[in-house]
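Owing to the predicted nature of the structure, the values given are computational and were not obtained by experimental measurement. Numbering of ligands and ligand atoms starts at 1, following listing order.
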Amino acid sequence: MRLVNTATATAPRFDEAASPTPASRARAMRGELPVALALRHAGVHTLTLRYELQGPGDAPVVFLAGGISAHRHAAASVEFPEAGWANALVGAGRTLDPARVRVLAFDFIGADGTLDAPIDPADQADAIAALLDALDIPRLRAFVGYSYGALVGQHLAARHRQRLERLVAVSGAHRPHPFASAWRALQRHAVALGQLQCAEQQGLSLARQFAMLSYRTPEEFGERFDAAPELVNGRVRVAAEDYLDAAGAQYVARTPVTAFLRLSESIDLHRIDPATIAVPTTVVAVEGDRLVPLADLVTLVEGLGPNGHLRVLRSPYGHDAFLKETDRIDAILATALRSTGDTA
Ligand SMILES: N[C@@H](CCO)C(=O)O
């Protein structure tokens with residue numbers, strides 16, 4: 001573990017009203033934690049970890065981490081009622097029911113755009129270990145990671161093995177596929193081109209639009225956008241353009257450019273020897289994922305040996321299936337989290 005100077009990790013500051021509440025009542029709280037981390041490629045940086053915890057104080061804790069756009073607000077609660085990025089996976093009747101499980105999530109380091117340095121997914125794992133220390137959570141019932149979160153979970157399992165009972169890694173392999181890395185590099189070039197034109201936001205929007213084509217599939221586009229093009233002011237406009245424009249604008253509105261660049265690079269810095277992931281791990285692959293091919297996830301599971309279990313979904317949503325196929329993902333989580341030592 002490369003966390004340094006833990007003395008700077010002060011007591012967490014909670015944002016919720018300080019009314020006395022029985023520990024067993026489901027509730028949500030947010031906090032911020034300053035921490036000094038030795039980043040793998042960039043030396044020591046003092047960062048602020050922002051987290052949200054939902055569920056009864058005496059329940060087992062599951063850490064939830066999503067793609068590069070995910071954040072600490074996984075699901076709506078009484079205290080924080082806006083929809084979260086995993087709203088359909090966390091709630092009454094789900095495996096991650098905040099009446100029975102405490103769900104912990106955080107903003108990835110770099111997500112606020114203030115860290116302009118290479119960020120390894122292993123750095124995120126070290127930040128999570130520091131957060132667990134500060135919150136006095138010795139061990140997670142499970143770490144559930146999707147996309148970038150799956151990479152972070154692999155490093156947590158390898159570097160802080162005692163911190164988790166099991167890992168569920170959805171749509172994230174032991175390495176970035178070279179074709180996916182090339183795709184991301186071009187997205188970053190789109191941002192750089194925008195910056196050269198003093199049009200950084202347009203560059204970021206274009207990068208996100210390219211990214212959307214890698215998150216989804218030709219199958220989905222064939223269903224949704226099978227319409228003739230329009231002529232608008234003498235130019236051809238194809239059926240998917242409104243959708244792509246909206247996706248770009250939505251992303252630009254909530255994402256600092258530096259955050260996108262550094263988190264995108266972070267995916268490409270990921271490398272791990274599967275044999276070092278020494279906890280029971282359920283790997284979920286999506287057939288048709290254009291970023292994380294099934295073959296790489298088979299290699300990951302083979303490398304995990306007896307710790308590894310593979311589940312395969314077929315979905316027209318490709319890499320984003322974890323955001324859309326929530327009933328099927330919930331069923332996989334139910335099996336994976338059933339009890340310690342069970343297999344999926
Ligand atoms: N589309 C998801 C997955 C990619 O990481 C996201 O932006 O978070």
Side-chain angles (χ1 to χ4, degrees), residues 63-75 83-90 105-113 119-121 124 143-155 168-177 179-188 190-191 204-217 220-221 224 240 243-270 284-286 288-293 296-297 313 315-326 329:
F63 199 105
L64 196 52
I68 58 170
S69 310
H71 42 75
R72 67 178 174 178
H73 186 53
W85 64 268
N87 229 50
L89 283 164
V90 178
F106 84 152
D107 292 347
F108 288 119
I109 61 170
D112 63 4
I119 303 166
D120 196 285
Q124 306 282 3
F143 184 103
V144 177
Y146 308 103
S147 185
Y148 183 57
L151 318 185
V152 172
Q154 291 168 27
H155 288 280
V168 180
V170 184
S171 302
H174 56 295
R175 61 141 193 188
H177 192 280
F179 188 71
S181 293
W183 215 328
R184 279 185 293 273
L186 290 187
Q187 292 161 31
R188 298 193 291 269
V191 173
L204 181 61
S205 171
L206 192 55
R208 180 66 176 185
Q209 294 180 53
F210 285 143
M212 291 309 298
L213 296 185
S214 67
Y215 299 150
R216 301 304 179 90
T217 65
E220 184 196 0
F221 273 58
R224 287 179 66 175
Y243 166 78
L244 292 173
D245 282 346
Q250 200 180 42
Y251 190 70
V252 166
R254 62 171 194 255
T255 313
V257 171
T258 304
F260 165 73
L261 292 173
R262 292 307 191 175
L263 289 173
S264 167
E265 287 176 352
S266 184
I267 301 170
D268 292 318
L269 283 173
H270 173 64
V284 183
V286 179
D289 184 337
R290 310 185 83 201
L291 289 181
V292 186
D296 274 6
L297 292 173
L313 297 181
S315 168
Y317 297 111
H319 189 70
D320 270 352
F322 71 91
L323 297 169
K324 308 291 278 182
E325 306 281 6
T326 47
I329 295 287

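- In this structure, Y148 has no heavy atom closer than 4.0 Å to ligand 1.
- When only modelled atom types and interatomic distance are considered, Y148 and S266 share a side-chain donor-acceptor pair under 3.5 Å.
- Residue D320 has at least one heavy-atom neighbour below 4.0 Å for each of these atoms of ligand 1: 1 (N), 2 (C), 3 (C).
- Here's the thing with R208: one of its N/O atoms is less than 3.5 angstrom from an N/O atom of ligand 1.
- Each of the following atoms of ligand 1 lies closer than 4.0 Å to a heavy atom of S69: 6 (C), 7 (O), 8 (O).
- No N or O atom of L323 sits closer than 3.5 Å to an N or O atom of ligand 1.
- Ring geometry for Y146 versus F322: interplanar angle under 30°, hence parallel rather than tilted (30 to 60°).
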Decide yes or no on side-chain hydrogen bond (donor to acceptor under 3.5 Å, both in side chains) for H319 and S214, but give the supporting numbers first. CA-CA 7 Å; H319 189 70; S214 67; over 6 Å; no
Could you check D107 against H71 for side-chain hydrogen bond (donor to acceptor under 3.5 Å, both in side chains), going step by step and ending with a plain yes or no? CA-CA 4 Å; D107 292 347; H71 42 75; 5.0 Å; no
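- With hydrogens and angles ignored, the 3.5 Å screen pairs a side-chain donor or acceptor of H270 with a backbone N or O of A173.
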